[in-house]
Amino acid sequence: GQPLVVRFDHAVHDRAAAEAALQVTTKPAQAGAWYWLSDTEVHYRPQTYWAAGTTITLAAGLFGVDLGGGVWGATSRSETIHVHDTWLAKADGHTEQMQIFHNGAPVKTMPISLGSPGHPSHVGPHVISDKQPSIVMDSCTYGVCPGQPGYYKEQVDLDERISNDGEFVHSAPW
């Protein structure tokens with residue numbers, strides 16, 4: 001589920017030229033596409049999740065490429081990565097259960113909660129983008145600050161980020 005991410009030091013004005021210089025090859029072959037998050041960051045995702053055992057090579061042949069607006073590619077790089085096992089978690093808000101699958105086989109089912117009534121978790125596929133042993137979760141980051149009903153500031157363990165707007169899978173010993 002992780003995208004390939006390319007970040008540029010300067011804004012890219014000719015996105016087509018940049019994409020033409022960024023070649024992704026996979027074994028086995030998997031279709032995918034580029035998506036621009038900003039003028040300096042582009043992500044490549046497969047059409048479906050990366051298949052277990054896939055070898056992915058990103059060849060960024062950017063040296064000398066005119067990226068528009070007076071910006072030229074300064075270097076070329078290549079990176080090859082290997083996708084190992086498939087781990088998938090399926091959360092069901094109706095049953096309040098999460099199932100964990102390893103290479104398609106169920107290995108664990110556990111109770112969950114999905115946000116709070118006023119701030120539910122987003123529905124749909126998520127990808128773990130970061131893991132931390134412990135973080136401080138502060139409701140003031142989304143507007144519920146000290147003195148307001150529902151405010152909290154808690155240290156929470158075993159955190160796996162599933163969005164850039166504060167959603168995590170995490171322990172909840174309470």
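In this structure, the side chains of Ser139 and Lys153 stay at 4.5 Å or more apart for every pair of heavy atoms. Considering only heavy atoms from C-beta on, Leu4 comes within 4.5 Å of Ile81 through its side chain. The closest side-chain heavy-atom distance from Phe168 to Asp130 is not below 4.5 Å. Put simply, the side chain of Val71 does not reach to within 4.5 Å of the side chain of Val12, judged on heavy atoms. Contact check for Tyr49 versus Pro125: side-chain heavy atoms found under the 4.5 Å cut-off.
Across Pro3 and His43, no two heavy atoms sit closer than the pair CG-ND1, 3.7 Å. Shown here for Phe8 and Ala18, the closest heavy-atom pair between the two residues is CZ-CB, 4.2 Å. Between Ala52 and Asn103, the closest heavy-atom pair is CB-OD1, 4.2 Å. When every heavy atom of Asp14 is checked against every heavy atom of Gly68, the shortest pair comes out as CB-N, 4.1 Å. Looking at every heavy atom in both residues, Arg7 comes nearest to Glu41 through NE-OE1, 3.2 Å. What you find for Ala89 and Met98 is that their closest heavy atoms are CB-SD, 3.8 Å.
Using a 4.5 Å cut-off between side-chain heavy atoms of Ile, Leu, Val, Met, Phe, Trp and Tyr, with links allowed through other members, Trp36 and Val6 fall into the same hydrophobic cluster. A single hydrophobic cluster is seen to contain both Leu22 and Val24, as judged by linkage of ILVMFWY side chains at heavy-atom distances under 4.5 Å, directly or through other members. Under a hydrophobic-cluster definition in which Ile, Leu, Val, Met, Phe, Trp and Tyr are linked whenever side-chain heavy atoms come within less than 4.5 Å, directly or via other members, Met110 and Ile128 are assigned to the same cluster. Side-chain heavy atoms closer than 4.5 Å link hydrophobic residues (I, L, V, M, F, W, Y) into clusters, and following such links, possibly through other members, connects Val169 to Val107.
Gln155 and Ser134 share a donor-acceptor pair across their side chains, judged by distance under 3.5 Å alone.
Panel note: side chain Ser38, backbone Thr40; a donor-acceptor pair is recorded below 3.5 Å. Between the Trp87 side chain and the Ile100 main chain, no donor and acceptor come within less than 3.5 Å of each other. For the pair Tyr44 (side chain) and Gly32 (backbone), a donor-acceptor distance under 3.5 Å is present. In terms of modelled atom types and a separation under 3.5 Å, the side chain of Ser76 and the main chain of Leu62 share a donor-acceptor contact. Panel note: side chain Glu19, backbone Trp34; no donor-acceptor pair is recorded below 3.5 Å. When atom types are taken as modelled, the side chain of Asp66 and the backbone of Trp72 share no donor-acceptor pair closer than 3.5 angstrom.
When the options Ile56, Leu58, Thr57 are evaluated for a side-chain contact (heavy atoms from CB on, under 4.5 Å) with Thr26, the one that passes is Ile56. Among the candidates Gln30, His84, His82, the single residue satisfying the side-chain hydrogen bond (donor to acceptor under 3.5 Å, both in side chains) test with Thr54 is Gln30.
For NE2 of His122, the number of neighbouring non-hydrogen atoms (other residues, nucleotides, ligands) closer than 6.0 Å is 12 at most. Remark: Phe63 CZ is loosely packed, at most 12 non-hydrogen atoms of other residues, nucleotides or ligands lying under 6.0 Å away.
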Check your understanding: Can Met137 and Ile135 be said to form a side chain to side chain contact (heavy atoms under 4.5 Å, CB included), step by step?
Key -> CA-CA 6 Å; Met137 294 191 175; Ile135 64 170; 3.8 Å; yes
Exercise for review: Check the pair Asp39, Arg15 against side chain to side chain contact (heavy atoms under 4.5 Å, CB included), reporting the backbone distance first and the verdict last.
Suggested key: CA-CA 8 Å; Asp39 288 340; Arg15 292 178 175 185; 2.9 Å; yes
Check your understanding: Please walk me through it: do Tyr35 and Arg45 pass side chain to side chain contact (heavy atoms under 4.5 Å, CB included)?
Key -> CA-CA 8 Å; Tyr35 177 78; Arg45 282 194 188 274; over 6 Å; no
Quick one: side chains of residues 140-151, donor-acceptor pairs under 3.5 Å with protein atoms, not counting sequence neighbours, listed by atom name and distance.
from: Thr141; atom 1: OG1; to: Asp138; atom 2: O; distance (Å): 2.8
from: Gln148; atom 1: OE1; to: Cys145; atom 2: N; distance (Å): 2.4

